[in-house]
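Note that ligands are numbered from 1 as they come in the structure, with each ligand's atoms numbered from 1 the same way. Here the structure is a predicted model, which means the values were calculated and not measured.
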Amino acid sequence: MNTSYFNNQNHIQIPHTFVRGMAALLKVLLRVAEKAANVARVCRQEAPLFELLVQEKTGDDKNKKFVQDFKTLADVVIQEMIRHYVGAEFPEMGGFIQGEESNKFENGLGESVVVTVCASETETAALLEAVLDGDSTAAALLAKAIHQDPAAVDNTLQNTGDLSIPHSPSELGIWIDPIDATSQYIEGREMVLEEGHLSPSGLHCALVLIGVYLRSTGEPIMGVINQPFNYKDPSGRWQGKHFWGVSCEGVRACSVSLPESPAEGTGLRAVLSSSEKPAVKKALASLCGPDNVTYASGAGYKILCVILGLADLYVLSEGSTFKWDSCAPHALLRALGGGIVDYTESLGTPEPRGAQLTYHQPRTQNKGADCWANQGGLVAYLDCKALGTAIEALNLKP
Ligand code: 2IP
Ligand code: CA
């Protein structure tokens, strides 16, 4: 028996026995993340969508709950698309594919619409038109992007070896951040990225993040990161880049190679949010040297900088990130021998490496999205020696 993925002309046939394997799940996530990146690009490239995206509503319009917030619709559409296609391939995961956004919307006429991906492009366009207060042009463009097949992206999967692990899809859950660093996505500053350098803000900080965790333990075991705006091709079109990693039961594979160890005597480099507490900034500036502390946008982008070896540590002392921000990049760090620990917990223990973030349990004392906050802050690292050194320094701060 065969199962097909994506019903357009490029569909691939996956033997049923293989569908349950991690390699098959990874392929699906890579393709759906590329579809998501494509929708994110289309929203900026097509004028009718771009106008909605950057529109600041004023006066009476502010009361039109939906139209003032097209950026949230873009997020919801991407999240629902990922949920739809992954759920279709792995029905056992259906109830455990969660994300940042709720899919209920109210349009300017006060009608409540649940945003879903329909069986056909025409039906999806009709549904989006209802949300978009009858804007059929924008609805048709968005529906087209949702139903379009992505370019092939799985060629990096050739050398993964055996990704079989003793878990079935019914034991897994998924966290989706449809567009992390939304503010950078809306602002849209275009940067030319320099190989080997961290670039603090701009469109490249916007990332699609899809992380898989074990429902029983909350360990992040697979992650896909798609950077929709990595570089512009000679025709001026944005092209993306993707990264993935798997770490489970002794199986470790990653599209990123472990960065070379820095020369002896090289100081640690930390990346922080610009809103980090002064005491933490100060402690890390003394440890790393002021020039080795950089500020960058996007929680996902900062973790990606650690994955790529552009920074040794991302330290965040507050609970301003969520499970959907960290699950995917955490899986890549684990695949490379690193991890993400709870900042507060790691300060209080002699074994900070043991305070790894988990992804399966809500903080029931919190409300709404805050149930899924990484409440104690976090420290992302590749090398556990760097983690230990930073925790020692942070423990000494006033
Ligand atoms: C945000 C986004 C912000 C980040 C914040 C995340 O997610 O990544 O950039 O703040 O923690 O929750 P900062 O840049 O200060 O690290 P989103 O853009 O999806 O809301
Ligand atoms: Ca986010």
Side-chain angles (χ1 to χ4, degrees), residues 33 36-37 39-40 43-44 53-54 69-83 97-103 174-189 191 198-211 220 223-229 270-278 280-281 284 293-307 310-311 313-332 340 342-344 357 359 363 366 368-380:
V39 174
C43 287
R44 289 197 62 86
L53 196 65
V54 296
D69 207 2
F70 179 75
K71 65 177 192 300
T72 308
L73 179 65
D75 266 13
V76 170
V77 157
I78 292 175
Q79 182 179 302
E80 288 310 305
M81 191 185 73
I82 296 173
R83 204 207 304 263
I97 307 177
Q98 291 167 276
E100 180 172 10
E101 306 293 345
S102 147
N103 62 348
I174 290 190
W175 279 114
I176 304 165
D177 193 340
I179 304 176
D180 185 45
T182 329
S183 60
Q184 297 301 311
Y185 173 65
I186 304 297
E187 196 181 309
R189 215 147 19 84
M191 310 291 290
L198 184 164
S199 210
S201 61
L203 260 179
H204 63 278
C205 296
L207 302 176
V208 176
L209 307 170
I210 310 178
V224 166
I225 301 176
N226 192 309
Q227 188 176 34
F229 306 93
V271 62
L272 310 177
S273 163
S274 53
S275 63
E276 186 50 76
K277 286 191 197 115
V280 173
K281 289 182 178 172
L284 289 166
V293 177
T294 316
Y295 301 97
S297 289
Y301 178 68
K302 286 190 276 291
I303 310 174
L304 180 62
C305 287
V306 178
I307 293 166
L310 306 178
L313 299 155
Y314 162 33
V315 178
L316 176 69
S317 66
E318 289 181 323
S320 53
T321 67
F322 297 85
K323 298 303 171 195
W324 49 81
D325 291 316
S326 56
C327 186
H330 192 173
L332 273 83
I340 306 184
D342 180 293
Y343 170 88
T344 310
L357 295 185
Y359 294 88
R363 296 178 64 84
N366 290 2
D370 284 342
C371 287
W372 297 108
N374 293 318
Q375 186 81 26
L378 58 83
V379 184

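- Annotation: Ser183 places no N or O atom under 3.5 Å from an N or O atom of ligand 1; distance criterion only.
- The nearest N, O or S atom of Asp325 is closer to the Ca ion (ligand 2) than 3.0 Å.
- Both tests hold for Lys281 against Tyr295: distance to the six-membered ring centre under 6.0 Å, angle to the ring axis within 45°.
- Every N/O-N/O distance between Ser274 and ligand 1 stays at or above 3.5 Å.
- Ligand 1 places these atoms under 4.0 Å from at least one heavy atom of Ser320: 5 (C), 11 (O), 12 (O).
- The Gly298 neighbourhood of ligand 1 comprises atoms 8 (O), 9 (O), 14 (O), with distances under 4.0 Å to a heavy atom of that residue.
- Relative orientation of the Tyr185 and Phe229 rings is tilted, given thresholds of 30° and 60° on the angle between their planes.
- Side-chain contact annotation: Asn366 with Gln375, donor-acceptor N/O pair under 3.5 Å present.
- When each atom of ligand 1 is checked for a heavy atom of Lys302 under 4.0 Å away, the hits are 13 (P), 14 (O), 16 (O).
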Inset, instruction - Check the pair Arg44, Leu203 against side chain to side chain contact (heavy atoms under 4.5 Å, CB included), reporting the backbone distance first and the verdict last. - result: CA-CA 11 Å; Arg44 289 197 62 86; Leu203 260 179; 3.8 Å; yes
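- Counting only heavy atoms from C-beta outward, the side chains of Leu209 and Ile176 never approach each other to under 4.5 Å.
- On a distance-only criterion, Thr321 and ligand 1 share no N/O pair closer than 3.5 Å.
- The Ser273 neighbourhood of ligand 1 comprises atoms 13 (P), 15 (O), 16 (O), with distances under 4.0 Å to a heavy atom of that residue.
- Note that OG of Ser320 and CG of Asp370 are 10.5 Å apart. Values are rounded to the nearest 0.5 Å.
- Side-chain atoms of Ser326 and Tyr359 form a donor-acceptor pair, as typed in the model, at a separation below 3.5 Å.
- Geometrically, ligand 1 and Ala299 share a nitrogen or oxygen pair separated by less than 3.5 Å.
- At under 3.5 Å, a nitrogen or oxygen of Ala181, whether backbone or side chain, sits near a nitrogen or oxygen of ligand 1.
- Under 4.0 Å from ligand 1, not a single heavy atom of Gln184 appears.
- The contact set between ligand 1 and Glu100, taken as ligand atoms under 4.0 Å from a residue heavy atom, comprises 19 (O), 20 (O).
- Shown here, atom 10 (O) of ligand 1 is out of close reach of the protein: none of its heavy atoms lies under 4.0 Å off.
- For Asp180, the N, O or S atom closest to the Ca ion (ligand 2) goes by the atom name OD1.
- Residue-to-ligand polar distances keep Ser275 apart from ligand 1: every N/O pair is separated by 3.5 Å or more.
- Side-chain contact check for Leu304 versus Leu207: some heavy-atom pair is nearer than 4.5 Å.
- For ligand 1, none of its N or O atoms has an N or O atom of Ser297 under 3.5 Å away.
- Atom numbering of ligand 1 starts at 1 in the shown order; those under 4.0 Å from a heavy atom of Ile179 are 19 (O).
- With a 4.0 Å heavy-atom cut-off, ligand 1 is reached by the side chain of Asp177 but not by its N, CA, C or O.
- Distances from the Ca ion (ligand 2) to each N, O or S atom of Asp177 single out OD2 as the nearest.
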